[in-house]
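Remarks on the structure that follows.
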Amino acid sequence: MTTAPRVSIVIPAYNEGDGILASLDRIFEAVTLPAEVLVVVDTPEDTTIPAVAAYEKEEPRLRHVINTYGRGPAQAIRFGIDSSTAPTVVVTMSDGCDDPRQIDDLVRLVERGVVVAAASRYMAGGQQVGGPRFKRFLSRTAGKSLRVLTNAGTRDATNSFKAYSRSFVQSVGIDSRDGFEIGLELTAKARRLRLPVAEIPTIWLDRAFGESNFKLTTWIPKYLRWYRFAFGPQLTLEQLTEKASGAQTTRPAPRPHKE
């Protein structure tokens with residue numbers, strides 16, 4: 001790669017095997033900006049590695065990394081962000097649910113000064129196709145209520161498909177240690193600091209292969225913690241760091257494939 005990447009695309013993966021190949025094909029077809037793509041797995045035995053390693057031989061922008069921070073999607077995302085090099089980071093899923101055609105526009109929003117750019121299923125032009133109805137209801141309700149009650153900048157705060165300013169993430173840190181509540185965490189932190197968040201519409205399609213391991217009863221408390229955190233007066237960075245540290249969780253959770 002002769003051009004420094006403008007975006008690092010971080011993809012947490014867990015035993016996806018060859019199923020990840022279609023998602024990678026769509027990403028490299030859709031993204032026109034100089035990019036690096038990092039597939040993050042937890043162990044050297046993960047079945048995703050052989051497929052990605054073979055793909056790397058033909059695609060120099062792609063590399064896989066093994067997470068050393070601890071098991072689970074939150075740790076994988078943290079490790080991927082820390083291992084990346086571009087000033088803007090996009091987190092997207094390995095299962096093909098996200099539409100990579102939005103990645104270029106998300107990056108450009110961050111380059112214009114937004115610290116969190118969300119791909120939104122719940123704004124005009126966005127859509128969610130498939131997935132459990134109750135989970136969809138909770139996600140939509142949380143996102144829209146945060147937009148109305150806190151002016152959070154997006155109607156889809158829980159969606160994992162977002163772009164972030166690297167400098168913003170480095171300054172506020174990531175306190176989540178279990179799952180995909182990171183998207184909500186960083187949106188809530190931007191809100192409390194009164195930093196700009198923006199959104200563009202996306203169409204989310206339920207995964208076409210495999211099964212999601214999302215455990216609703218396990219994850220709701222983690223999302224609620226960051227939902228509540230979004231409410232309140234403006235904080236300084238020092239105040240935010242002190243308050244957010246109380247949201248850190250240490251008990252490991254089962255590894256899901258999505259948000």
Side-chain angles (χ1 to χ4, degrees), residues 6-12 26-27 30-33 35 77 81 86-93 95-131 135-169 171-172 174 176 179-206 223-224 226-232 234 258-259:
R6 286 169 61 180
V7 55
S8 296
I9 302 169
V10 173
I11 308 173
R26 285 191 287 268
I27 288 172
V31 176
T32 64
L33 298 175
I77 292 171
I81 292 174
T88 301
V89 180
V90 170
V91 175
T92 187
M93 298 298 102
D95 55 18
C97 293
D98 301 323
D99 186 346
R101 292 177 298 176
Q102 278 82 64
I103 290 177
D104 282 358
D105 288 337
L106 291 171
V107 174
R108 292 187 177 103
L109 278 174
V110 173
E111 290 178 342
R112 290 171 58 194
V114 170
V115 298
V116 178
S120 176
R121 298 164 289 185
Y122 307 135
M123 67 179 295
Q127 188 177 356
Q128 180 170 350
V129 180
K135 178 184 170 186
R136 186 165 68 242
F137 167 77
L138 290 177
S139 175
R140 180 188 293 270
T141 301
K144 288 195 170 184
S145 61
L146 278 180
R147 172 63 184 254
V148 171
L149 299 175
T150 74
N151 193 27
T154 175
R155 299 165 183 84
D156 200 353
T158 65
N159 195 2
S160 299
F161 186 24
K162 289 183 172 70
Y164 304 103
S165 160
R166 168 185 292 283
S167 61
F168 165 71
V169 176
S171 65
V172 302
I174 295 174
S176 298
F180 290 105
E181 69 270 21
I182 283 176
L184 179 55
E185 173 189 341
L186 292 174
T187 302
K189 287 180 174 179
R191 165 59 190 159
R192 294 301 298 273
L193 292 172
R194 302 299 191 262
L195 294 175
V197 176
E199 63 180 356
I200 58 174
T202 193
I203 296 177
W204 182 96
L205 300 175
D206 195 20
Y223 280 89
L224 281 175
W226 292 112
Y227 179 89
R228 292 193 298 265
F229 189 85
F231 292 82
Q234 182 174 358
K258 185 61 184 167
E259 169 194 309

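Only this structure's heavy atoms are used, side chains among them; waters, hydrogens and symmetry mates stay out.
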Donor-acceptor under 3.5 Å (R6 side chain, D104 main chain) | no
Does the side-chain contact (heavy atoms from CB on, under 4.5 Å) test come out yes or no for V91 and I182, once each step is laid out?
-> CA-CA 10 Å; V91 175; I182 283 176; over 6 Å; no
Note: A142 and T158 closest approach over all heavy atoms is CB-CG2, 4.3 Å
Within the side chain of S8, is there an N or O that forms a donor-acceptor pair under 3.5 Å with the backbone of A86?
-> yes
List the atom of L109, the atom of A198, and the distance in Å for their closest heavy-atom pair.
-> CD1-CB, 4.3 Å
Would you indicate whether the side-chain heavy atoms of R147 and M123 approach each other to under 4.5 Å?
-> no
Interatomic distance, I203 atom CD1 to S120 atom OG [nearest 0.5 angstrom] | 11.5 Å
Do V107 and I103 come close enough that some side-chain heavy atom pair is under 4.5 Å?
-> yes
Please answer whether the main-chain N or O of F168 pairs with a side-chain N or O of S171 as donor and acceptor at a distance below 3.5 Å.
-> yes
Check A152 against T187 and note the closest heavy-atom contact, atom names and distance.
-> O-CG2, 4.2 Å
Do you know the tightest heavy-atom contact between R192 and A230?
-> CD-O, 3.5 Å
Flag yes if more than 12 heavy atoms outside R112 fall under 6.0 Å of its CZ atom; otherwise flag no.
-> no
Is the closest side-chain donor-acceptor distance between S145 and Y227 under 3.5 Å?
-> yes
For Y164, the ring-ring contact (aromatic ring centres under 6.0 Å, His included) test, sequence neighbours excluded, returns none
From CG (L106) to OG1 (T92), nearest 0.5 Å = 9.5 Å
I11 versus I27: any side-chain heavy-atom pair under 4.5 Å?
-> yes
What is the distance from atom CD of Q234 to atom CG of L195, rounded to the nearest 0.5 Å?
-> 8.0 Å
Using salt bridge (charged side-chain N to carboxylate O under 4.0 Å, His left out) as the criterion, list what pairs up with R155, not counting sequence neighbours.
-> E199
Do you know which two heavy atoms are closest between T32 and R108, and how far apart they sit?
-> OG1-NH2, 4.4 Å
Test T154 against every option in I200, V116, V197, L146 by the side-chain contact (heavy atoms from CB on, under 4.5 Å) rule and name the one that passes.
-> V197
Stepwise side-chain contact (heavy atoms from CB on, under 4.5 Å) test for S139 and Y223 = CA-CA 10 Å; S139 175; Y223 280 89; over 6 Å; no
Do you know the tightest heavy-atom contact between P196 and G113?
-> CG-O, 3.3 Å
Non-hydrogen side-chain atoms of D98 and W204 separated by less than 4.5 Å = yes
Test item: F229 and R191 side chains (from C-beta on) under 4.5 Å apart, heavy atoms | no
Check for a donor-acceptor pair, side chain of N159 on one end and backbone N or O of A119 on the other, with a separation under 3.5 Å.
-> yes
Side chains of S165 and V114 in contact at under 4.5 Å (non-hydrogen atoms) | no
Taking the side chain as every heavy atom from C-beta outward, state whether T202 and R121 have any atom pair closer than 4.5 Å.
-> yes
List the steps, then state whether side-chain contact (heavy atoms from CB on, under 4.5 Å) holds for I174 with I81.
-> CA-CA 10 Å; I174 295 174; I81 292 174; 3.9 Å; yes
Rounded to the nearest 0.5 Å, what separation is found between the CD1 atom of I77 and the OG atom of S160?
-> 6.0 Å
Donor-acceptor contact below 3.5 Å, side chain R136 vs main chain G130 = yes
May I ask you to test the P12-M93 pair for a side-chain heavy-atom distance under 4.5 Å?
-> yes
